[in-house]
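Written out below as structure tokens is the structure these notes cover.
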Number of protein chains: 2
Amino acid sequence: MGTVGKAVSLLEKLGRGAPEAALADLARRAGFDKATTRRLLVSLIEHGLVEQDETTRLYRLGAGIARLALLREAQFPFLRMAVPVVEQLAAETGETVHLSEYSKRGLISVHVVESAKANRVSVQLGEVLPLHATASGIAFLAFTEEHVRAGVLAGPLPAFTPHTIGDAETLAEHIAAARARGHSTGSQGYEEGVLSVAAPILGADGLAIGAIAVAAPRVRIQKGDIERHGASVAAAARGISERLFGRLPGRKQA
Amino acid sequence: MGTVGKAVSLLEKLGRGAPEAALADLARRAGFDKATTRRLLVSLIEHGLVEQDETTRLYRLGAGIARLALLREAQFPFLRMAVPVVEQLAAETGETVHLSEYSKRGLISVHVVESAKANRVSVQLGEVLPLHATASGIAFLAFTEEHVRAGVLAGPLPAFTPHTIGDAETLAEHIAAARARGHSTGSQGYEEGVLSVAAPILGADGLAIGAIAVAAPRVRIQKGDIERHGASVAAAARGISERLFGRLPGRKQA
DNA sequence: AATGTCGTTGCAAATAGTGAAACGATCATG
DNA sequence: CATGATCGTTTCACTATTTGCAACGACATT
């Protein structure tokens, strides 16, 4: 692993778990030498990506991270454009709605509006959702480039619940169905007892850049809810694309 | 400069200017060799901090940045706690209010509510505000550790306008006055024609972690406005500290 | 006191990063 | 249509940065 890989890996370790971490703890979790870990951390501190408590010597993510994220949002206002639509969809459905953006490993949940109901689905911000095990992931896969889809179908499909789709064939069917309908459904593939409906958010080139999903406890879903929410979530996804790119992107044939 | 420094420097170059940048452009701006620049970028891409448009080959900041920022906000909910107070202060004063957080180089503006008035002060999100030239910076310096304050007083004090405080002695007086009053004032030190009033947001140890400021066009400020806004902004800053840390931190003697 | 763990620093060994050059591809320009 | 410039990419020998071990004092626990 290159040096920058190690540095980023430390940032991720700092992001998980407790708000602050000790040097030896980080070195252990990352598998680096104490000396190496420390030198990487001081480099990151010098650039504001990490901060250190002067008295406890504990490390935490720095404000430079927030700065980069703000600059990015200024360049590509995904949240600013999408959040109002998410809120609207949450109000319309009364269920938890979450918005995610594609990145290397999977879909990163970037905004969540939780249902007001007592029994509701909860999603952690910044969490990476697996592409094969969530409605959002399947919606994304249905409208992404062939090589990404092929990569997921070829790779391992780890099970998160007993209901997680485990074989590539079934997954391919779900993806094809989602492409045909314009939205996907997920049934307890990631969390037990949760049903979801998701639609892809398409970029200017017609390929998915993220997804929006409605997630509800299984017990609350009535006949017809799936279809109703499916239409709503697909409309919301289109709305976000239009706000971001002006007109609705042409749908790419696969 | 170490390797991680170079990598971070590329991230900052990507954050400034156009939403996407070409390899040769980045190499020139950063002063690195084309080959070096590319290798750093692919490392960053592998970890999701940078993305590349498959067809145009242009680079941009990746969703991994947003992920880290979200994880950080989950660990230390600065925005979640502060934003409502900022909105409230903006409504109360009718002027632009901005919130900033301290980092290595200066105060990073992390949230802004612009005045509804036509003639209003505008602040760029993610911008780094100089500590010696803004009301926020002086408020921060008045309640930070001695060595940080000394470092700023010792270092160069670049002028952004003809009104920027240029000598350490005057700056020290402003800082002392801010410490005595609990809030600071800034007069066209960073942007011409802008008057500001700011107060420090104190951490659990009584030292400043950021600042909140009201900024208005000079022409609109009446007698008494400074004092009124000073009291409001100081109260808002205390409110944020209390929301973040429970009780009001004890004020540290300097 | 003794033992364990912590953060920090120095050093020689080695790995990882470096820049120049060459490549084909692409895009203006004449 | 040919030319020249610029682009992104790859290779390779060289160098410098990074690395891990070991030792250190400080601290906390036993």
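Bear in mind that the values here come from a model prediction, so they are computed numbers and not experimental data. To find a chain, count down the sequence lines: A is the first, B the second, and so on, and within it residues start at 1.
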If you pin A:Ala21 and A:Arg39 to their nearest nucleotides in DNA chain C, which one's is more 5'? A:Ala21
Is the shortest side-chain N/O distance from A:Thr36 to OP1 or OP2 of D:dG20 below 4.0 Å? yes
N-O pairing of A:Asp25 and A:Arg29 below 4.0 Å: yes
So, does B:Glu73 use its side chain to make a donor-acceptor pair with the main chain of B:Arg80 at under 3.5 Å? yes
Under 4.0 angstrom between B:Thr3 side-chain N/O and C:dA16 OP1 or OP2: no
Nearest-nucleotide check on DNA chain C, A:Asp33 vs A:Met1; residue mapping nearer the 5' end is A:Asp33
For B:Ala24, answer base if it contacts any base atom (sugar-phosphate contacts may also be present), sugar-phosphate if it contacts only those atoms, and nothing otherwise; contact means non-hydrogen atoms under 4.0 Å. sugar-phosphate
Listed nucleotide nearest any side-chain atom of A:Ala35, set D:dC7, C:dG10, D:dT11: C:dG10
For B:Phe140 and B:Tyr102, take the angle between the two ring planes, folded into 0 to 90°, and tell me which bin it lands in: parallel under 30, tilted 30 to 60, perpendicular over 60. parallel
D:dA22 phosphate, OP1 or OP2, under 4.0 Å from A:Lys34 side-chain N/O: no
Output yes when a side-chain donor or acceptor of B:Ser184 lies under 3.5 Å from a complementary backbone atom of B:Ala135, and no otherwise. yes
Would you say C:dT18 has OP1 or OP2 under 4.0 Å from some side-chain N or O of B:Lys6? yes
Under 4.0 Å: is that the gap between some side-chain N or O of A:Arg38 and OP1 or OP2 of C:dC6? no
